[in-house]
Amino acid sequence: MSDKWDLRFLELARHISDWSKDPSTKVGCVVVGPDREIRSTGFNGFPRGIMDDDNRLNNRQKKYPMICHAEENAIMHAARIGISLKGNTAYVTWPPCSRCTRSLIQAGINEVVYPSNVEIPERWEEDFSIAMDMMKEAGISIRNA
């Protein structure tokens, strides 16, 4: 895909990340098919029907077990409405964590694109390194735009 399309889809993922109510981190994901058609989108947030009040969102011990990451939400939304993501590209505002990488691999995503100017918090560096190794081993193309 061209740089123009990469930037468009990353900008859309950034826009979608703003829908997250998480006060500390907002992540967006847009999954795109081979003909540049948007197959699914997601942002980090609680599952449908789970209250996302400030008490939960501002307490990591309460938030982390309940929150769905953007990539997971995009994959689960596609599954919910019967859309295959096999052979698609995931545009994400952050590099995927190991948890999301497992889901991306299993969903058949073959490429992940994320911005080159992302600053990774130190607490995530080891996990992102594991995720990158997993994607490489699984044959997923990883690109920055």
Side-chain angles (χ1 to χ4, degrees), residues 1 3-33 36-86 88-138 140-145:
M1 216 168 283
D3 289 342
K4 174 179 77 174
W5 284 101
D6 285 346
L7 295 176
R8 285 176 176 171
F9 289 128
L10 282 174
E11 177 57 27
L12 181 57
R14 193 214 51 76
H15 175 75
I16 289 167
S17 75
D18 287 338
W19 300 348
S20 172
K21 294 180 181 178
D22 191 319
S24 62
T25 306
K26 296 181 184 305
V27 180
C29 177
V30 176
V31 182
V32 177
R36 294 193 295 251
E37 76 282 6
I38 296 169
R39 297 272 179 102
S40 190
T41 63
F43 55 90
N44 57 312
F46 292 164
R48 297 169 200 260
I50 303 301
M51 288 293 295
D52 50 7
D53 61 27
D54 287 343
N55 179 44
R56 288 176 170 173
L57 287 168
N58 288 301
N59 181 330
R60 286 194 166 121
Q61 286 186 323
K62 291 181 180 180
K63 176 175 68 172
Y64 282 170
M66 292 191 283
I67 203 157
C68 295
H69 289 186
E71 301 93 326
E72 292 174 314
N73 262 334
I75 291 165
M76 290 183 277
H77 175 69
R80 183 181 178 107
I81 60 174
I83 293 177
S84 173
L85 302 181
K86 185 177 180 182
N88 287 205
T89 299
Y91 289 88
V92 290
T93 57
W94 274 47
C97 68
S98 61
R99 178 173 120 185
C100 289
T101 295
R102 292 190 306 258
S103 297
L104 291 166
I105 291 168
Q106 292 300 87
I109 298 292
N110 68 0
E111 183 174 42
V112 172
V113 181
Y114 64 92
S116 55
N117 61 349
V118 176
E119 289 187 34
I120 304 302
E122 190 175 327
R123 70 181 184 274
W124 283 101
E125 286 178 1
E126 183 180 352
D127 190 73
F128 285 151
S129 177
I130 291 166
M132 290 298 153
D133 289 344
M134 288 171 63
M135 285 188 278
K136 288 175 187 166
E137 186 174 337
I140 294 176
S141 169
I142 309 159
R143 292 190 297 116
N144 293 117

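For the atom pair Lys4 NZ and Arg8 CZ, the distance stands at 4.5 Å (nearest 0.5 Å). To the nearest 0.5 Å, the span separating OG1 on Thr89 from CH2 on Trp5 amounts to 13.0 Å. Rounding to the nearest 0.5 Å places CG of Leu10 at 9.5 Å from CG of Asn144. Note: Met134 CE to Ile105 CD1 = 4.5 Å, rounded to the nearest 0.5 Å.
Listed by chain and residue number, Val31, Pro34, Arg39, Leu85, Ile109 satisfy the side-chain contact (heavy atoms from CB on, under 4.5 Å) test with Asn88 (two or more places apart in sequence, or in another chain). Scored by the side-chain hydrogen bond (donor to acceptor under 3.5 Å, both in side chains) test, Glu126 finds no partners at all (sequence neighbours excluded). Under the side-chain contact (heavy atoms from CB on, under 4.5 Å) criterion, Ser84 pairs with Lys86, not counting sequence neighbours. Residues satisfying the side-chain contact (heavy atoms from CB on, under 4.5 Å) test with Pro95, not counting sequence neighbours, are Tyr114, Val118, Ile120, Phe128, Met132. For the side-chain contact (heavy atoms from CB on, under 4.5 Å) test, residues two or more places apart in sequence or in another chain that qualify with Arg14 are Glu11, Ser17, Asp18, Thr93. Under the side-chain hydrogen bond (donor to acceptor under 3.5 Å, both in side chains) criterion, Lys136 pairs with no residue, sequence neighbours left out. In this structure Asn59 satisfies the side-chain hydrogen bond (donor to acceptor under 3.5 Å, both in side chains) test with no other residue, sequence neighbours excluded. Applying the side-chain hydrogen bond (donor to acceptor under 3.5 Å, both in side chains) criterion to Lys26, with sequence neighbours excluded, gives no partner residue.
Heavy-atom contacts from other residues, nucleotides or ligands closer than 6.0 Å to CD of Glu37 number more than 12.
With a 4.5 Å cut-off on side-chain heavy atoms, Arg143 and Asp6 count as touching. Side-chain contact between His77 and Arg48 is present, with at least one heavy-atom pair separated by less than 4.5 Å. Put simply, the side chain of Pro47 does not reach to within 4.5 Å of the side chain of Met76, judged on heavy atoms. With a 4.5 Å cut-off on side-chain heavy atoms, Ser40 and Ile83 do not count as touching.
The nearest pair of heavy atoms linking Val113 to Ala145 is CG1-CB, 3.9 Å.
Ring-plane geometry between Tyr91 and Phe9 is classed as tilted, the angle between the planes lying from 30 to 60 degrees on a 0 to 90 degree scale.
Screening residues 51-68 for salt bridge (Lys or Arg N to Asp or Glu O under 4.0 Å) gives Lys21-Asp52, Asp22-Lys63 as the qualifying pairs, with residues at least two apart or on separate chains. Within the structure, salt bridge (Lys or Arg N to Asp or Glu O under 4.0 Å) pairs that include any residue of residues 114-125 do not occur (at least two apart or interchain). Residues in residues 95-105 take part in these side chain to side chain donor-acceptor pair (under 3.5 Å) pairs, two or more places apart or across chains: Glu72-Arg99, Ser98-Asp127.
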Decide yes or no on side-chain contact (heavy atoms from CB on, under 4.5 Å) for Val92 and Glu71, but give the supporting numbers first. CA-CA 8 Å; Val92 290; Glu71 301 93 326; 3.6 Å; yes
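Remark: the backbone N or O of Phe43 is not paired with any side-chain donor or acceptor of Ser20 at under 3.5 angstrom.
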